[in-house]
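What follows is a single structure, written as structure tokens, with notes after it.
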Amino acid sequence: MTAPLILEMTDIAKSFGSIPVLKRVGFTLRKGEVHALMGGNGAGKSTLMKILTGVYTRDGGTVAIEGQSADLDDAAAAERAGVAMIFQEFSLIPTLTVAQNIFLKREPHFKGTPFINGAEMVRRSRAILEELGVDIDPDALVSTLSVGYMQIVEIAKALSKKARILVMDEPTSSLSEAETSALFELVNRLRASGISIVYISHRMAEILTLCDRVTVMRDGETVMTANCADMSVALIVEAMLGAGNAASFTWKDRHVPDTARPVVQVRNLKLATRIEDVSFDIREGEIVGLAGLMGSGRTEIAETLFGRRRAVSGEVLFDGTPVTSQADAIERGMALVPEDRRKFGLVLDHSVATNIILPNLDRFTRHLFVQDAAALEVVQDTIGDLSIKTDGPDKLARLLSGGNQQKIVIGKWLVRAPRLLILDEPTIGVDIGAKSEIVETVRAMADKGMAVLVISSELEELMAISDRILVLHGGRIAQSMNRRDVATEEELHHAIQGHTATDLGAA
């Protein structure tokens, strides 16, 4: 039996000035449903959710919650209607306790007094956390919690306000594999208790695993709503990009000549943590994917190749000679796009232009002065070549979308024309349109002879981009798989778990 609708958004319209952002959009949510909302940057999903949560006022259309018209004119009205949003960047105060954060500005008081009843606040917080099935001390400072537990506190805070509809924005973008698994269990418990969830994520496999239905938006319109059981990654990508634009995120059988020489050679690498004995080569023009569970040591290998870490034993040879330091790696033609672009890849409060120029100052400096005209020409070329969507080179990097920020990080290194490009989780928090463009950029660079190493937890990404996939398990390269011999993501998933082709055949 189909559950009744708790939310109906019908013919929602919103314009900013003369620009229509939402064009008669429809969205429904059932009681006890996890409903994915997907779309590229500019599709309108954020605007739609800001209307639901009272941040924006709609220009047209209707919103009904449990069959009753809802005027969500501000955040307080949305909260009274039972709507809450769990943002990607948490709103918690780290110096306060869990209980203080959950009841911030709504603290229980001793009857008839202005004094906060701390014991009652802790009791209520503990009851909510126990209902969620998690063991978190209400008296613990938020600053002592893991990211996964911080997210649970945000959910507890929303439920303390009697929320019936939760909007979760990229909830797993900063979580480890174990934390993601715990979050999925919690979402399933919330669903079973009748809480309805709008789930926004760019991770396709996650959507198909967790959600009941998916709605896809494109260019301010709803283009598809379907049961996840009837969908595939390919169908969702096609809906998000349009049939003519989806091909770039499908695998292309590139030919890397057997005579192509190795750019980097890793021999018997042993690191202080996890990695015991790793050996592999990457050849000119080859895109190698590195797959493995979170915590398997993928990032540590990348940082060792780049000279950021020192090996306990073994060696990394670049063009036949050892890499001695990060500066040596950069000077000789290596580039690393780090996993956390906001922390290690960008200066967020600097402009697009400054971020592109910074690692290339030596190329634009003459007698201690930066050659502005030459630098600006390179910046403009980079913006154009990578289709970075920005009002101009002077726009602050923090004001751009995740996909455009990532293009800046990639673009600043491409200015140096590296011979080895290392990409660590290159499309985390990036919409499918930007993913597709990044894949095309990497392929184009490899076609020109650049060697590429891609580390990704998203198997569809590795399947789309790699010529060869190395599977890291137990501190070693357990398998080296030619991409044309890997038929499905399931095969790759089994390999990452430590199963061999023989194991699968026996099964």
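All values below come from the heavy atoms of this structure, side chains included, with hydrogens, waters and symmetry mates left out.
- Salt-bridge formation is not detected for the pair E300/R308: no Lys NZ or Arg NE/NH1/NH2 atom is positioned less than 4.0 Å from an Asp or Glu carboxylate oxygen.
- For H35 and T215, the side-chain atoms include at least one donor-acceptor pair closer than 3.5 Å.
- Once rounded to the nearest 0.5 Å, the distance linking CZ of R298 with CG of L472 reads 8.0 Å.
- Only one option out of L290, I455, V337 pairs with D424 in a side chain to side chain contact (heavy atoms under 4.5 Å, CB included); it is I455.
- Of the possible polar contacts, one joining the T390 side chain to the G392 backbone as a donor-acceptor pair under 3.5 Å is found.
- Taking 4.5 Å as the limit, every side-chain heavy atom of M38 sits out of range of all side-chain heavy atoms of K45.
- Q151 places a side-chain N or O within 3.5 Å of a backbone atom of P171 that can act as its donor or acceptor partner.
- By the 4.0 Å N-to-carboxylate-O rule, R191 lies too far from E33 to be salt-bridged with it.
- Judged by distance alone, with hydrogens and angles left aside, the side-chain atoms of D467 form a donor-acceptor pair with the main-chain N or O of I287 at under 3.5 Å.
- Here the options are R254, R483, R468, the test is salt bridge (charged side-chain N to carboxylate O under 4.0 Å, His left out), and the partner is E286; only R468 passes.
- Here I465 contributes atom CD1 and K252 contributes atom NZ; the two are 11.5 Å apart, rounded to the nearest 0.5 Å.
- In this structure, L183 and I155 have side chains that are in contact, with non-hydrogen atoms separated by less than 4.5 Å.
- One finds a salt bridge joining R398 and D349 here, because a Lys/Arg side-chain nitrogen approaches an Asp/Glu carboxylate oxygen to under 4.0 Å.
- One distance of note links CG of L400 with CD1 of I388; it measures 8.0 Å at 0.5 Å rounding.
- Counting heavy-atom neighbours within 6.0 Å of D135 CG, excluding the residue itself, gives a total of 12 or less.
- Between R484 and D253 there is a salt bridge, since a side-chain N of the basic residue sits under 4.0 Å from a carboxylate O of the acidic one.
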Problem set entry | Trace of the side-chain hydrogen bond (donor to acceptor under 3.5 Å, both in side chains) decision for E437 with S387 | CA-CA 8 Å; E437 291 171 342; S387 301; 4.8 Å; no
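- In this structure, W413 and F306 have perpendicular ring planes: the angle between them is above 60°, well past the 30° mark.
- Nearest heavy atom pair, residue G345 against residue K412, reads O-NZ, 2.6 Å.
- Within a 6.0 Å sphere centred on CD of E331, other residues, nucleotides and ligands contribute 12 heavy atoms or fewer.
- Between R443 and D447 there is no salt bridge, since none of the side-chain N atoms of the basic residue sits less than 4.0 Å from a carboxylate O of the acidic one.
- A side-chain N or O of R213 and one of T28 form a donor-acceptor pair less than 3.5 Å apart.
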Exercise. Does the pair R267 and D281 meet the rule for a salt bridge (charged side-chain N to carboxylate O under 4.0 Å, His left out), with working shown?
Worked result: CA-CA 9 Å; R267 294 290 178 265; D281 296 348; 2.8 Å; yes
For this session: Begin with the C-alpha distance, continue with both residues' side-chain angles, and end with the deciding distance and a verdict on side-chain contact (heavy atoms from CB on, under 4.5 Å) for L132 and L186.
Result: CA-CA 7 Å; L132 290 175; L186 177 55; 3.6 Å; yes
For this session: Starting from the C-alpha separation in whole Å, work towards a yes-or-no answer on side-chain contact (heavy atoms from CB on, under 4.5 Å) for V98 and L129.
Result: CA-CA 10 Å; V98 169; L129 293 167; 4.2 Å; yes
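- The shortest distance between side-chain heavy atoms of M49 and S46 does not fall below 4.5 Å.
- For the 3.5 Å distance criterion, the side chains of Y149 and E179 fail to qualify, holding no donor opposite an acceptor.
- Looking at R261 and E284, a side-chain N of the basic residue comes within less than 4.0 Å of a carboxylate O on the acidic one, giving a salt bridge.
- The backbone N or O of D219 sits less than 3.5 Å from a side-chain atom of K23, completing a donor-acceptor pair.
- Summarising the geometry, atom CZ belonging to F344 is positioned 9.5 Å from atom CD belonging to E339; distances are rounded to the nearest 0.5 Å.
- Within the 3.5 Å criterion, the main-chain N or O of L346 finds no donor-acceptor partner in the side chain of R341.
- A 4.5 Å side-chain heavy-atom check between S201 and E206 finds at least one atom pair inside the cut-off.
- With contacts defined as side-chain heavy-atom distances shorter than 4.5 Å, the pair V264/L317 does not qualify.
- I86 contributes atom CD1, which lies 9.0 Å from atom CD1 of I197 (distance to the nearest 0.5 angstrom).
- Side chain of R419 to backbone of V263: no donor-acceptor contact under 3.5 angstrom is found.
- Once rounded to the nearest 0.5 Å, the distance linking CG of N360 with OG1 of T382 reads 8.0 Å.
- Using a distance-only test at 3.5 Å, with no hydrogens or angles considered, no donor-acceptor pair links the side chain of T222 to the main chain of V25.
- Side chains of S401 and N404: a donor on one and an acceptor on the other come within 3.5 Å.
- Here the side chains of I275 and V312 are not in contact, with every heavy-atom distance at 4.5 Å or above.
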